[in-house]
Each structure stands twice: as structure tokens, then as C-alpha cells.
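Before any comments, here is the structure.
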Amino acid sequence: MSDFSARRVMMVDTQVRPSDVTKFPIIAAMLAVPREAYVPHSKSEAAYVGENLEIGAGRVMVEARTLAKMLDALDVQPSDRALYIAGGLGYGAAVLGQMLTSVVMVESDAGLAGAASATLAGQGVSNVSVVTGALEAGSAGAYDVILIEGGVQEVPEALLGQLAEGGRIAAIFMQGALGAVKIGHKAEGRVTWRFSFNATAPVLPGYAKAAAFAL
């Protein structure tokens, strides 16, 4: 067992399982995907630290606990069509790709998107499609699952419109320095949000609430 392989097992045993994430597909996916391959080379030694990791362009890879609990709360099913927003260097999309037939990942930063495409290809991941474009625009289609890897103050209607009827969406809603992961369920064309757990991440471009004009 390599050093990174041992750290991957430790990550699952000390960060994921103790957070009440026990679904086999999530555990198996996180054990299978080498997190160290999806971080800047200079930060590979910090890949398995239990905190958000800066990956450049003002963005972070969320800690393993947060990603695992988001996937758990989304109740991902093998037949789901998935959209992964703000995928950064591709780690979360690769994990989700272990659980599904295909994943569409959207990344607005061209440098991150290019690096993600190269890493995914190098790791033999062929079922994650990387789209370079505005995070708030998503990618045309109807998705059963949408995961936003980053902070939001509000979720644009354009993205909610891409959530299929009966679909689920996960986002980290930020209020100042405090954040809460909420899961939205779409029924009869409307998305209803419910609190899931606490987590934090920087607010993503396109997801800040417009400043209200006051006299």
C-alpha cells in the first residue's frame, strides 16, 4: 500500500465514516479516487487534510467530509443524470463519476477546467465531461442531481430550471463566515430547500446576492 493509499483509507475512516456517511457507493468511490492527483502538485502532501484546500483562482476543494455528506444527502442513484457545478480540478466530479454512468462538470476558470480535463484523462476517467462556462449558467439539459462545490448566497433561476422534476440539488449557503448545506427538492416545478448540515466555502462567481438599493 502506497503512502497516499494509506492516507486515503485514513481519510475515509476518520473524516467520512464518523460523519455518518456509510453508503457503500460513496465509501467505495472515495477509496477509489486518488485525491492527491486532483490538487496542485505543490499541495499534494496536504490532499488528505480535513479542511478546505485552496486550488487557485480564489477557489477551494471542499473537505472530504463535506463532499461525502453532500453526496449522501442527495441520495445519488445509479440511474441519475448529474451536473457538477464549480468542479475546480475535477476531484468531486471524479468521485461522483464512480457512482454514475456520466457526469457533466462546469468550470468557469479556463486554467482549472483545462487542468481538470487533463487529470481526468490521465486517470482514465472517461465519463466526466468538462464544460468551460459561467457557473451560474450550468449546462443545457435536465438533471436529477446538481451539486455546487462552493458557497452561494442565492441560486440562479437559470440553474434551478435545469433540475428535473423530482430532482435534488445541494449547495453551501453562506451568511458572512457561517455556512449551511441545504438540499433542494423539485416538485411541481418548484424547489424547496431544507437544512442538512453546517459547512463553509468561499462564495462562487455568479452566486452572490445582488445588493439591494436602499435610500
Side-chain angles (χ1 to χ4, degrees), residues 8 11-12 15-17 19 21-39 47-48 52-53 55 59-108 112-113 115-133 135 138-150 152 155 159 162-164 166-172 181-186 196-197 199 201 204:
R8 197 172 312 129
M11 175 191 75
V12 169
Q15 299 175 38
V16 176
R17 293 186 195 270
S19 298
V21 178
T22 58
K23 292 176 182 174
F24 175 76
I26 299 174
I27 298 298
M30 299 196 86
L31 286 172
V33 179
R35 191 173 170 92
E36 72 277 5
Y38 294 89
V39 303
Y48 294 95
N52 292 348
L53 183 67
I55 57 174
R59 302 279 292 284
V60 302
M61 172 193 287
V62 299
E63 61 178 321
R65 166 192 173 273
T66 298
L67 176 62
K69 287 180 72 67
M70 290 175 85
L71 293 173
D72 185 56
L74 283 168
D75 192 26
V76 177
Q77 301 298 312
S79 60
D80 283 340
R81 297 158 293 177
L83 179 62
Y84 201 106
I85 300 294
L89 292 171
Y91 172 73
V95 170
L96 188 54
Q98 287 280 325
M99 303 167 65
L100 302 176
T101 301
S102 64
V103 176
V104 176
M105 173 186 135
V106 178
E107 176 49 61
S108 59
L112 293 178
S117 294
T119 301
L120 289 163
Q123 291 293 318
V125 179
S126 59
N127 65 338
V128 175
S129 302
V130 179
V131 175
T132 305
L135 302 179
S139 183
Y143 302 93
D144 304 299
V145 166
I146 300 178
L147 191 154
I148 304 173
E149 188 180 349
V152 310
V155 178
L159 186 65
Q162 294 171 15
L163 188 62
R168 295 88 64 207
I169 179 171
I172 305 171
V181 172
K182 296 181 182 180
I183 306 297
H185 292 80
K186 192 169 191 177
S196 184
F197 63 96
L204 295 166

Between [X] and [Y] (side chain of the first, backbone of the second, donor and acceptor by atom type, cut-off under 3.5 Å), is there such a pair?
X	Y	answer
Arg35	Ala47	yes
Glu149	Leu147	no
Gln162	Gly141	no

Work out which heavy atom in [X] is nearest to a heavy atom in [Y]; give both atom names and the distance.
X	Y	value
Val60	Ala201	CG2-CB, 4.4 Å
His185	Ile183	CE1-CG2, 3.6 Å
Gly87	Glu107	N-OE1, 3.6 Å
Thr66	Phe197	O-CZ, 3.7 Å
Tyr84	Gly92	OH-CA, 3.2 Å

side-chain hydrogen bond (donor to acceptor under 3.5 Å, both in side chains) involving Asp144 - partner list, sequence neighbours excluded |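 Result, side-chain hydrogen bond (donor to acceptor under 3.5 Å, both in side chains) vs Asp144: Arg81.
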Results of side-chain hydrogen bond (donor to acceptor under 3.5 Å, both in side chains) for Gln98 - residues two or more places apart only |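 Once residues adjacent in sequence are excluded, Gln98 has no partner under the side-chain hydrogen bond (donor to acceptor under 3.5 Å, both in side chains) criterion.
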Under the criterion side-chain contact (heavy atoms from CB on, under 4.5 Å), which of Lys69, Met30, Arg65 is the partner of Val21?
->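 Of all the options given, the one that passes is Lys69.
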With the side chain counted from C-beta on, respond yes when [X] and [Y] share a heavy-atom pair under 4.5 Å apart, and no when they do not.
X	Y	result
Arg17	Thr22	no
Met70	Ile172	yes
Arg168	Asp80	yes
Ile148	Leu159	yes

For the pair Arg59 and Leu204, evaluate side-chain contact (heavy atoms from CB on, under 4.5 Å) and give the outcome as yes or no after the intermediate values.
-> CA-CA 8 Å; Arg59 302 279 292 284; Leu204 295 166; 3.4 Å; yes
Which donor-acceptor pairs under 3.5 Å do side chains of residues 118-129 form with protein atoms, sequence neighbours excluded?
from, atom 1, to, atom 2, distance (Å)
Thr119, OG1, Ala115, O, 3.0
Asn127, ND2, Gly97, O, 2.9
Asn127, ND2, Leu100, O, 3.1
Asn127, ND2, Thr101, O, 3.2

